[in-house]
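To keep things clear, I will list the structure first and then write my remarks on it.
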Amino acid sequence: KKQVQAAQRKIAEHTYYPPEAIARGIEGDVRLLLVLNEDGSLADVQIAVSSGHAILDNAAMTAAYAMGRLSGVTAREMILPVSFRLR
């Protein structure tokens, strides 16, 4: 649980809300499956549950790759929720 929260904080620093999605009022939740190497680097990222919008799914995957390593994470796989909400 703590590891997921730490990962959520880290991915939030890299998550970019696509302007096209904002313009179209698209919101959603993506669940990513992260597969991690022993050093916390990403071996693979997959969409576990789609938001229903490819533009948000792609933005979430891009953010996952941008965050690089997850330090202090011992899990080899993790489901990471990424939310896109318009304020």
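These figures come from a predicted structure and were not determined experimentally. Atoms considered below: every heavy atom in the structure, side chains included; atoms not considered: hydrogens, waters and symmetry mates.
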(message) Please check if the number of heavy atoms outside E38 that lie under 6.0 Å from its CD is greater than 12.
(response) no
(request) Could you tell me whether a side-chain N or O of K10 sits under 3.5 Å from a main-chain N or O of G68, the two making a donor and an acceptor? (result) no
(message) Please evaluate residues L32 and I47 with respect to the criterion side chain to side chain contact (heavy atoms under 4.5 Å, CB included), reporting the C-alpha separation (whole Å), side-chain torsions for both, the decisive distance (0.1 Å), and the verdict.
(response) CA-CA 5 Å; L32 297 176; I47 303 291; 3.7 Å; yes
Do any side-chain atoms of residues 19-27 form donor-acceptor pairs under 3.5 angstrom with protein atoms, and if so which ones, sequence neighbours left out?
from, atom 1, to, atom 2, distance (Å)
E20, OE2, R24, NH1, 2.9
E27, OE2, L86, N, 2.7

(request) Would you check if V4 and P81 make a side-chain contact, meaning some heavy-atom pair closer than 4.5 Å? (result) yes
(message) Please say yes or no: joined through hydrophobic side-chain contacts below 4.5 Å, possibly via intermediate residues, are L36 and L33 part of one cluster?
(response) no
(request) Identify the two heavy atoms, one from A60 and one from I11, that lie closest to each other, and give their separation to 0.1 Å. (result) O-CD1, 4.0 Å
(message) Tell me every residue that passes side-chain hydrogen bond (donor to acceptor under 3.5 Å, both in side chains) with S51, counting only those two or more places apart in sequence or in another chain.
(response) D57
(request) Taking all heavy atoms of L34 and all of M67, pick out the closest pair and write down the distance. (result) CD1-CE, 3.7 Å
(message) Under the rule for side-chain hydrogen bond (donor to acceptor under 3.5 Å, both in side chains), what residues qualify as partners of R85, not counting sequence neighbours?
(response) D29
(message) If I compare all heavy atoms of L56 with all of P18, which pair ends up nearest, and what's the gap?
(response) CD2-CD, 4.2 Å
(request) List in chain and number order the residues that pass side-chain hydrogen bond (donor to acceptor under 3.5 Å, both in side chains) with N58, two or more places apart in sequence or in another chain; answer none if no residue qualifies. (result) none
Contacts under 3.5 angstrom, residues 70-79 side chains, donor-acceptor by atom type, not counting sequence neighbours:
from, atom 1, to, atom 2, distance (Å)
T74, OG1, Q3, NE2, 2.9
R76, NH1, N37, O, 3.2

(request) Determine which pairs satisfy ring-ring contact (aromatic ring centres under 6.0 Å, His included) with at least one residue from residues 61-87, sequence neighbours left out, and list them in order. (result) Y17-F84
